Amino acid sequence: MALAFCGDEGNSTAYNVDHGVLNNGCFVDALNVVPHVFLLFITFPILFIGWGSQSSKVHIHHSTWLHFPGHNLRWILTFILLFVLVCEIAEGIVSDGVSESRHLHLYMPAGMAFLAAITSVVYYHNIETSNFPKLLIALLFYWTLAFITKTIKFVKFCDNGVGFSQLRFCLTGLLVVLYGMLLAVEINVIRVRRYVFFKTPKEVKPPEDLQDLGVRFLQPFVNLLSKGTYWWMNTFIKTAHKKPIDLKTIGKLPIAMRALTNYIRLNEAFEAQKNKRPSSPQGSGSIWRALCCAFGRPLLLSSTFRILADLLGFAGPLCISGIVHNTKILGVFFISSQEFLSNAYVLAVLLFFALLLQRTFLQASYYVAIETGINLRGAIQTKIYNKIMQLSTSNMSMGEMTAGQICNLVAIDTNQLMWFFFLCPNLWAMPVQIIVGVLLLYYLLGISALIGAAVIIVLAPVQYFVATKLSQAQRSTLEYSNERLKKTNEMLRGIKLLKLYAWEHIFHSSVEETRQKEMTSLKSFALYTSISIFMNAAIPIAAVLITFVVHAHLTKKADFSPSVAFASISLFHILVSPLFLLSSVVRSTVKALVSSFCNLTSSIQSKMVFHEHLENLKHYMLPSLAGQLTMIVGQVGCGKSSLLLAILGEMQKISGNISWSSWKLLFCFSRKRGSVAYASQKPWLLNATVEENITFESSFNKQRYKAVIDACSLQPDIDILPHGDQTQIGERGINLSGGQRQRISVARALYQQTNVVFLDDPFSALDIHLSDHLMQEGILKMLREDKRTVVLVTHKLQYLPHADWIIAMKDGYIQREGTLKDIQKSETELFEHWKTLMNRQDQELEKTTIETKTVLERTNLRRTMYSREALLKDDEEDEEEATESDDEDNLSSVLHQRAKMPWRACGKYLSAAGILLLPLLVLSQLLKHTVMVAIDYCLARWTSDVFNHSPYSKIFSILCCLGIVLCLVTSIAVEWTGLKVTKKLHASLLNKIILAPMRFFETTPLGSILNRFSADCNTIDQHIPATLECLSRSTLLCVSALAVISYVTPMFLIALVPLAIMCYFIQKYFRVASRDLQQLDDSTQLPLLSHFSETVEGLTTIRAFRYEAKFRQKLLEYTDSNNIASLFLTAANRWLEVRMEYIGACVVLIAAVTSITSCLYSKLSSGLVGLGLTYALMVSNYLNWMVRNLADMEIQLGAVKRIHGLLKTEAENYEGKSLNELMNLSWKDRGEIQIQNLSVRYDSNLKPVLKHVNAHISPGQKIGICGRTGSGKSSFSLAFFRMVDTFEGRIIIDGIDIAKLPLQTLRSRLSIILQDPILFSGTIRFNLDPEKKCTDSMLWEALEIAQLKHVVKALPGGLDAIVTEGGENFSQGQRQLFCLARAFVRKTSIFIMDEATASIDMATENILQKVVMTAFADRTVVTIAVSTAPTVPTLFQSLPCLQIGLMSHKNCSRHEMCRCCRWLFYGTPG
């Protein structure tokens, strides 16, 4: 075939110029090539010369990314220009289709224009990023020349009578308009920037964000193409594959997206609403208007994108109909639009572009909506926090606002409002989609389409009902889950007591009972989930079946061609999603508006204003207290703490005034005051390091810091912490003792350089040694000598002589004030009472304290022993890390592990389903998708043979019914598999944990174990089955679609290989980044919630220190960190979906082109063409879901992996010879103990804690074992219960070697009271006798012996009175007495007290001693004590002593005991 620019038909008139060269069409086309050649010639050298250096500059330093005026408009016009040029190329090719020679002038100028348009935008982008606008002069000339030449062509068309009926005329007119608009944009750049034709160019600086290299979220700053395709994320995704993502990697938020910016925007909107309606009350309507005003514009943009995407989604069915119907080629010189769209290849290309555009708009809608929601969430959280900072203390104390409510407000309600903004575009986009879909179906199928649509519409309320039931089942499951976790938490916290008392089976049964209730609820949840999945899959099949059968048999002259059938199927698939999702969206919207929005509205509107009132105090007058040590004393509840809070302005005022002036407390009212160092009665700590808690946002002064540490005796405590003072303190100081928390709180007050210090009962949780040291070194030396004003609330009356001023309070009144001498003279009775109490406390101090040095030595010994065990644990962890590093000796292997799917965990999950369910699951899924393909193949054959409906309709109906049944089977199989797996894993985990040795609980953090039962079990319960179903469905749909396309057109397989390789690498890179970002999103949310709860609990302290601004700044940092992680995760998801859907569009294009070619040249039936194209669209829809679900499954399988890690824990050896095998008669409970050469250790890898101990304890003997901390006293007591590893020697009780007894039998014959009293939530009866073996009279007897009978009788319910979690509704002493009653109830012959009096008051200790002497007179009692009070030696007949694991001073006489004790505790026999 001849090839020439103007054609070569011999007698062609193409070169005839008799009527002027501009009247020659070929010449005009050649003239149109000139501007494009000019641009390519000018710009290519500039691009190639500056490409390398400029691109590297952009990657290294992006501060020059500055958009020129009209940036977005230029990109939009360029995209439209490219599309129109593609249409012009296609029009030229189609119109030249029947000529003997090829007329290049019909499409070659358009091709050159297309290349020039791409070059122009690349050239512009490089100039823009280098901020060198003078080079834009080349584009100015290009747009001018292109506009002139195209205008000439358009004018000549008009002169020669070519009009709107010809497509080429319309395209030329469009190009004239586009080139003219681009020229106008270029002129506008010159006008604004003045880079040419002006003497003084305008200097423009880049945005502040781009000058900060810490800002790495570039979505707002990149060009339109990069925004739409998330091209800027490529570098980030590749970096994530090379090294893990952390907060440093993702950098800072752009200024416009920061919480402070959005908070200011929201506040301005609120103020604007108030100003508009100053008189009317600010209700929820005004708040809603303010939200819309602040964040409504991007939401409107998102909705616009969504509607455009949904409308473009209908291009798929329409183009399928056109392609299947018009598999022919036209060829004329001038063609109309209708003739142009009759070409199948043109429709394939248009479908490709429609899919690209639709997916781009859809992802843009998702991104804008989520970004807006995240910005709104940050603003609302900041506003709530500012309200909290103004929260009245009375709001908290009266329960009007609790920490839990505030955390729910932040964690749940703000997130629900964020997702409401995400769902908002669906509210008006989905109805439009449904209406257009029904109209198109009616256009294709007539009245039968309405019948099919009616099926979907009628069943939509059923789907809504199922969704409602699903929500109820989920809520019920959550309630039972919380109850189970509460019991599990109690079980784990009291695991030592459970093991010592052999009660594991009781609590195991209790947790299992709750788990059964949870499983019942989970079954309902699984049932409704499977129904929902079934309806989503089955209803389209039913609708298609009814519609096609009615259309084929009842409509006689109906068109039932492949084009109609397969276009209708595509429309049904489009229609089903919005109909079902609309009900869920409406429900979620109502939930968000009714619950979350109302809660947020009430919190924002609430008048939580800070009050400076006093209500608990009456008639008080204070003199100036500047530079003095003032002590406030009085009975519990007399108003001491209230007085401090009143001075700080934290109480409600009835009368009276307080003034702060020059740091002196005077006698007139004024709100203004400076910072006060305040240590509250209940210690308040940050979830930060020890150092950060002490310095508390102040600058670090090493010398002062060390002095404070010494004054508070914190150094020994710091030594035992894994990372010293850099150890992270858990929330509320959960990993510290009460005394440690108290001393850190006081240390914070001492460290501050404020002139005023308030200390509210700082000695309450400290023993006498620590209290005295703190008083001498901290308060008297550090504070008083510095002339700082100190107000001290205390019960330690022995410190009163140090006070400059004393305030004695009683019943809210100031009973007396003055110096100690003043009170001695005026209040003799009060002074004598104080003197008696002071003498008693001083005697106690003398008897327990020799010298501070000795106390510190003892403390150091205690700490060092503990430190050694901690270090051993750290060494073990280091060895494990070293082993891991040996296995993964280089970075590449680590990265390989990160990129690898956890197939082993997946195998373990599926294998837990059993040999019956697993094959059913796999086979049902395969069979279901096989039947789906068979249904569509049958339809393709049926529509190709339109004259014989009957046999095809029967086969089609049978296959559809079988498909519906299989949809039900697969949905049930998936959920049933999930139920069986979750039941099996939880039962196995609970059995393993409860039987694990005590060493496991000592070395494994409680939170880590609890997370396995909470978060991981929840993931396995509810998330993995749904993800598994989605993953299997989307994967099999894609596989079946590709198989069908390959069957229809085998040529498709050639193109499939590169597409598959692209998919593989995209998903590989995405999974790694997605997992890291998901974990980062979760991990950054925890500090934010923790900061809210910390602030609520420490409001008084924060306001006393005047640190509101610092804490607000920390909130902004936490909020921004969480938001940047969420935004990057959103951008990563969009990055994936855009690429996967573009690949899907490529699949559609290739499938369409190969199908059309096969139909034209290989006589492929039009039914199979429609089948292939329908499945190609399916690939486009499900490809990204497959990868997303794969990434989700990878994260969720981590829960399975972690649980299986715990299942490897070795259990204690509970087996042994039964009692009957050891003795023919029953165990005689005499209480005789023989210890023979006993050596024990905590673990086979650790050193012995007891070495070669020998002892004999006679029945009924009372034995006291004392020694320094770390000497092995507690280990000695645990050896009786086989809680430690006895590697040498043995213990014989009543003639039986305990090593041969089953653990359950052994521990049930012993009783123990631990140092820390443990009570469980439930009733008093349950706490005394969980085994339900005792009568009421026995329980009352035990309570009477423990001096608790009157307390319990006074409670509602008596023995059935409620005990709260941890026994918090009883005092420490009462809890210890309950433990004593519990031990008495067991009636065992051997009774052990392990430092049971260490943390209780003297009165309770006296009761304990009395009970031991009377109620336990006939039992063997072994008492472990770290110190010996004056009355203790009177209890025991002998006192074995332990010194670093060795028994010494065995069987001292009663006369020698005090001397012996003194030698033991202080190192020198006296």
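Along the sequence shown, residues carry numbers from 1. Every value quoted in this text rests on a predicted model; they were computed, and no experiment measured them.
- The salt bridge (Lys or Arg N to Asp or Glu O under 4.0 Å) test applied to E692 returns no partner, not counting sequence neighbours.
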From CA spacing to verdict: side-chain contact (heavy atoms from CB on, under 4.5 Å), V791, I807:
CA-CA 10 Å; V791 180; I807 300 173; over 6 Å; no
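- By the 4.5 Å heavy-atom criterion applied to side chains, D717 and R743 are counted as neighbours.
- Cation-pi check for K1114 over F1111 is met; the charged atom lies under 6.0 angstrom from the ring centroid and within 45 degrees of its normal.
- The distance from atom CD of Q742 to atom CG of L685, rounded to the nearest 0.5 Å, is 9.5 Å.
- Atoms CD and OG, on Q753 and S698 in that order, are 8.0 Å from each other to the nearest 0.5 Å.
- Rounded to the nearest 0.5 Å, atoms CG (D772) and CD (E777) are 9.5 Å apart.
- With D804 contributing its side chain and T630 its backbone, the two residues share no donor-acceptor pair below 3.5 Å.
- Taking all atoms of both residues into account, the shortest heavy-atom contact from L714 to I744 is CD2-CG1, 3.9 Å.
- Proximity of a side-chain donor or acceptor of R704 to a complementary backbone N or O of Y751 within less than 3.5 Å is detected.
- Using modelled atom types, no side-chain atom of S1090 and backbone atom of L1086 make a donor-acceptor pair closer than 3.5 Å.
- Between W684 and T1100, every side-chain heavy-atom pair lies at or beyond the 4.5 Å cut-off.
- Taking each heavy atom of M631 and A803 in turn, the nearest pair found is CG-CB, 3.7 Å.
- Between I388 and F1092, the shortest heavy-atom contact is CD1-CD2, 3.6 Å.
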Hey, mind stepping through T789 and N755 against side-chain contact (heavy atoms from CB on, under 4.5 Å) and telling me if it holds?
CA-CA 6 Å; T789 302; N755 290 347; 5.7 Å; no
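- Remark: Q381 CD to Y1118 OH distance equals 14.0 Å, nearest 0.5 Å.
- For the atom pair CD (E697) and CZ (F1105), the distance works out to 11.0 Å, reported to the nearest 0.5 Å.
- When all heavy atoms of V793 and P762 are compared, the closest pair comes out as O-CD, 3.5 Å.
- In this structure a side-chain-to-backbone donor-acceptor pair under 3.5 Å is present from E1094 to N687.
- By the 4.5 Å heavy-atom criterion applied to side chains, Y263 and N386 are counted as neighbours.
- In this structure, the side chains of L780 and Y799 stay at 4.5 Å or more apart for every pair of heavy atoms.
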For Q752 and R748, run side-chain contact (heavy atoms from CB on, under 4.5 Å): C-alpha distance rounded to whole Å, both residues' side-chain angles, the deciding distance at 0.1 Å, then the answer.
CA-CA 7 Å; Q752 306 304 310; R748 176 198 299 145; 4.2 Å; yes
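- In this structure, C1379 and I1318 approach most closely via the heavy-atom pair SG-N, 3.7 Å.
- Taking the side chain as every heavy atom from C-beta outward, Y678 and R1103 never approach each other to under 4.5 Å.
- Put simply, the side chain of N693 gets close to the backbone of L686: a donor and an acceptor are under 3.5 Å apart.
- Considering all non-hydrogen atoms of both residues, I718 and D725 come closest at CG2-N, 3.4 Å.
- In summary, of the residues considered (V676, L783, L792), a side chain to side chain contact (heavy atoms under 4.5 Å, CB included) with V757 occurs for L783 alone.
- No side-chain heavy atom of E1108 sits under 4.5 Å from any side-chain heavy atom of K1110.
- Rounded to the nearest 0.5 angstrom, R1112 CZ and L1116 CG are separated by 9.5 Å.
- Side chains of L260 and T382 form no contact here, defined as non-hydrogen atoms less than 4.5 Å apart.
- Although no hydrogens or angles enter the test, the distance criterion places no donor-acceptor pair under 3.5 Å between the side chain of Q776 and the main chain of A711.
- S745 places no side-chain N or O within 3.5 Å of a backbone atom of R741 that could act as its donor or acceptor partner.
- Within the 4.5 Å cutoff, no side-chain heavy atoms of T794 are placed close to those of M775.
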